[in-house]
Number of protein chains: 2
Amino acid sequence: MPYTAAIDLAGLDQRVGYMLRQAQLAVFDDFIASQRGAVTRPGQFAILMVIAGSPGLSQTQVCKTLGIKRANLVAAIDDLESLGWVRRDASASDRRSNRLQLTTAGQRALKNALDDQSVHEARITRLLGAASRRALLKQLAKLCELRKTRSSV
Amino acid sequence: MPYTAAIDLAGLDQRVGYMLRQAQLAVFDDFIASQRGAVTRPGQFAILMVIAGSPGLSQTQVCKTLGIKRANLVAAIDDLESLGWVRRDASASDRRSNRLQLTTAGQRALKNALDDQSVHEARITRLLGAASRRALLKQLAKLCELRKTRSSV
DNA sequence: GCAAAATGTTATACATCATAACATTTTGCC
DNA sequence: GGCAAAATGTTATGATGTATAACATTTTGC
C-alpha cells in the first residue's frame with residue numbers, strides 16, 4: 001500500500017481549532033519552501049518586516065507589536081545581527097534600550113524575501129480566489145479578538 | 001503608559017500566513033481556557049478523538065490520520081496510558097503493532113472535554129456567525145491542499 | 001531623592017516537531 | 001521455503017517556539 005487512504009478524523013475537520021492548525025502548518029511549509037534566500041523562518045521574516053517598517057524601534061516595541069516575549073527576542077536579534085542584517089544602535093534618550101535598524105545587507109535580504117513571499121501569497125490567492133482570501137483575512141482578524149489582554153512580560 | 005497602542009505591523013496583517021498563525025494561537029488559547037478537566041492540550045484532544053472514533057487503530061494509523069510522526073506519538077500515548085485513559089492492546093494479527101482503545105475513564109474524560117469544547121466552538125460561532133464559520137472551514141480545507149505528499153516517517 | 005517600573009539579558013523549562021538508528025516482525029518475491 | 005525489503009514501535013537527539021523567574025542598569029513618578 002503506497003498511499004494509505006485517510007482514516008476517520010472523527011469530526012475533527014469540523015472544528016475550527018484543528019483546521020486552523022492544519023492550514024497554518026501547510027501555509028508555513030509553503031512559505032518556507034518558497035524562500036530561496038537565507039531568510040527561512042516566518043518569525044524572522046516578521047521581525048525584519050516590523051523593523052523595516054519602523055526603523056529605530058526598541059526590542060520591547062518589536063515584542064509588543066508581534067506579541068512575543070522580550071526574553072525570546074534576544075536570540076533572534078543576535079542571529080540577525082550575526083547575519084549582518086540588523087544593528088543594535090544605542091539610544092540617545094534611553095541608555096537601557098537599543099534602536100533596531102536594518103543594514104543595507106538586511107534591506108537587500110528582506111527585499112528578496114518579500115519577492116519570494118509574493119509568489120507564495122499569489123499561490124494562496126489562486127487557490128482561494130481574491131475575494132475569498134480577503135474574507136478569510138477578516139475572519140482571522142475576528143478570531144484574534146478571542147485573545148484576552150495580551151501580556152508581554 | 002499602561003497600554004501601549006499597537007505599532008505598525010508593516011503589512012503583516014495582510015499576509016495570510018501571519019494572520020493564520022495569530023488566529024490559531026488565539027483559538028488554541030481559548031480552547032485550553034475552556035477546558036476545565038484534565039484534558040488540556042489540543043494535541044491530546046485530537047488523539048483521543050481519533051481513537052474514540054476508530055477503536056483498535058494502530059499507532060501508525062493514528063499518526064497517518066493526524067499527520068504526526070510515529071516517534072512523537074510514543075510519549076503522547078505513554079501519558080494517556082499513565083492517566084488510565086488509553087490501553088495498548090496486543091494485536092492478534094500483527095505482533096509488531098498495538099491496538100489502541102479508550103478505557104471507560106478515557107471515554108468519560110473525552111466526554112467532558114467534548115462538552116467544554118462545545119462551549120468553545122459556540123463562542124467562535126457567535127463571533128463569526130454560523131455561515132462565516134462554515135465558509136472559514138472550507139477555506140482552511142483548501143489551504144491544506146498546499147501540503148505536498150505528506151511524509152509520515 | 002527614592003521607591004517603583006522599564007529594558008535588555010541570562011538561565012531554565014516545556015511542548016511541538018523533525019531525523020536517525022535499532023530490534024522485532026511481517027510482507028513480497030523468486 | 002527462504003530471504004531481502006518493508007513496516008512497527010521505540011529510543012535518542014536536536015531545532016524551534018514559547019513561557020517564567022531573576023538580575024543589573026537605567027529611567028520614571030511622586
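Protein chains get the first letters and strands the later ones, always in sequence-line order, with residue 1 at the start of each. Keep in mind that the numbers below use all heavy atoms, side chains included, and drop hydrogens, waters and symmetry copies.
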Q: B/Gln44 or A/Arg88: which one's nearest nucleotide on DNA chain C is closer to the 5' end?
A: A/Arg88
Q: Short question: side chain of A/Asp94, backbone of A/Arg96 - any donor-acceptor pair under 3.5 Å?
A: yes
Q: Mind running side chain to side chain donor-acceptor pair (under 3.5 Å) on B/Gln117 and A/Arg15 for me, showing each step along the way?
A: CA-CA 9 Å; B/Gln117 207 275 344; A/Arg15 323 260 163 181; 2.8 Å; yes
Q: Counting only N and O atoms by type, is there a donor-acceptor contact under 3.5 Å from the side chain of B/Glu121 to the main-chain atoms of A/Val16?
A: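 A pair under 3.5 Å: yes.
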Q: Scan side-chain atoms only and decide if A/Arg88 and A/Gln59 contain a donor-acceptor pair under the 3.5 Å cut-off.
A: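 Yes - a donor-acceptor pair under 3.5 Å links their side chains.
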Q: Taking only side-chain N and O atoms of A/Thr60, does any of them lie within less than 4.0 angstrom of OP1 or OP2 on C/dG8?
A: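 For C/dG8, OP1 or OP2 has a side-chain N or O of A/Thr60 closer than 4.0 Å.
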Q: When you check the gap from the basic side-chain N to the acidic O, do B/Arg87 and B/Glu81 get nearer than 4.0 Å?
A: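 Salt bridge absent between B/Arg87 and B/Glu81.
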Q: Rounded to the nearest Å, what distance is computed from the CG atom of residue A/Leu73 to the P atom of nucleotide C/dT10?
A: 13 Å
Q: Using whole Å, what does the distance between atom P of nucleotide C/dA15 and atom CG of B/Leu80 come to?
A: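 Between P of C/dA15 and CG of B/Leu80: 13 Å.
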Q: With a 3.5 Å cut-off and no angle check, do the side chains of B/Gln35 and B/Arg41 form a donor-acceptor pair?
A: no
Q: Please tell me whether B/Phe45 and B/Phe31 form a close aromatic pair, meaning their ring centres lie under 6.0 Å apart.
A: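 Yes, the ring of B/Phe45 comes within the 6.0 Å limit of the ring of B/Phe31, centre to centre.
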Q: Output the distance between atom CD (A/Gln139) and atom CG (B/Leu128), rounded to the nearest 0.5 Å.
A: 6.0 Å
Q: To the side chain of A/Lys64, which of C/dT19, C/dT7, C/dT9 is closest?
A: C/dT7
Q: Okay, side chain of B/Gln61, backbone of B/Ser58: is any donor-acceptor separation there less than 3.5 Å?
A: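 Such a contact is found between B/Gln61 side chain and B/Ser58 backbone.
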Q: Let me know the distance between CZ of B/Phe45 and C1' of C/dA15, rounded to the nearest Å.
A: 19 Å
Q: For B/Arg36, is there any backbone N or O sitting under 3.5 Å from a side-chain donor or acceptor partner on B/Asp116?
A: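 Between the backbone of B/Arg36 and the side chain of B/Asp116 there is a qualifying donor-acceptor contact (under 3.5 Å).
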Q: Between C1' on D/dT18 and CG on A/Leu66, what's the gap in Å once rounded to a whole number?
A: 14 Å
Q: CG of A/Asp78 versus P of C/dT9: gap in Å, rounded?
A: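 About 7 Å, once rounded to whole Å.
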Q: Is A/Leu48 reachable from A/Leu114 through a run of I, L, V, M, F, W or Y residues, each pair having side-chain heavy atoms under 4.5 Å apart?
A: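 The answer is yes; both residues are in one hydrophobic cluster.
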Q: Whole-Å distance between C/dT7 C1' and A/Asn98 CG?
A: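 For the pair A/Asn98 CG and C/dT7 C1', the rounded distance is 9 Å.
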Q: When you get a sec, tell me which of C/dT9, C/dT19, D/dT18 is the closest nucleotide to the side chain of B/Lys69?
A: C/dT19
Q: So for the helix from C/dG1-D/dC30 to C/dC30-D/dG1, with five pairs setting each end axis, what is the inter-axis angle to 10°?
A: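 Rounded to the nearest 10 degrees, the bend comes out at 30°.
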Q: Whole angstroms only, please: what is the CG-P distance between B/Asp79 and D/dT10?
A: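 Nearest whole value for this atom pair: 13 Å.
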Q: Under 3.5 Å between N/O atoms: give me all the protein pairs with nucleotides 13-16 of chain D, atom names plus distance.
A:
none

Q: Is there a donor-acceptor contact under 3.5 Å linking the side chains of B/Gln44 and B/Asp79?
A: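 B/Gln44 vs B/Asp79: no donor-acceptor pair found between side chains.
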Q: Can you give me the N/O atom pairs linking the protein to nucleotides 22-26 of chain D at distances under 3.5 Å, or say none if there are none?
A:
{"unit_1": "D/dT26", "atom_1": "O2", "unit_2": "A/Arg96", "atom_2": "NH1", "d": "3.3"}

Q: Can you check the B/Gln24 CD to C/dT16 P distance for me, whole Å?
A: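 Rounding to the nearest Å, CD of B/Gln24 and P of C/dT16 are 11 Å apart.
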Q: Consider the side chain of B/Leu25, meaning its heavy atoms from C-beta on, and name the nucleotide among C/dC17, D/dT18, C/dT7 that approaches it most closely.
A: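 So the nucleotide nearest the side chain must be D/dT18.
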Q: Within less than 4.0 Å of OP1 or OP2 of C/dT9, is there a side-chain N or O belonging to A/Gln59?
A: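 Answer yes for this pair, as a side-chain N or O of A/Gln59 is under 4.0 Å from OP1 or OP2.
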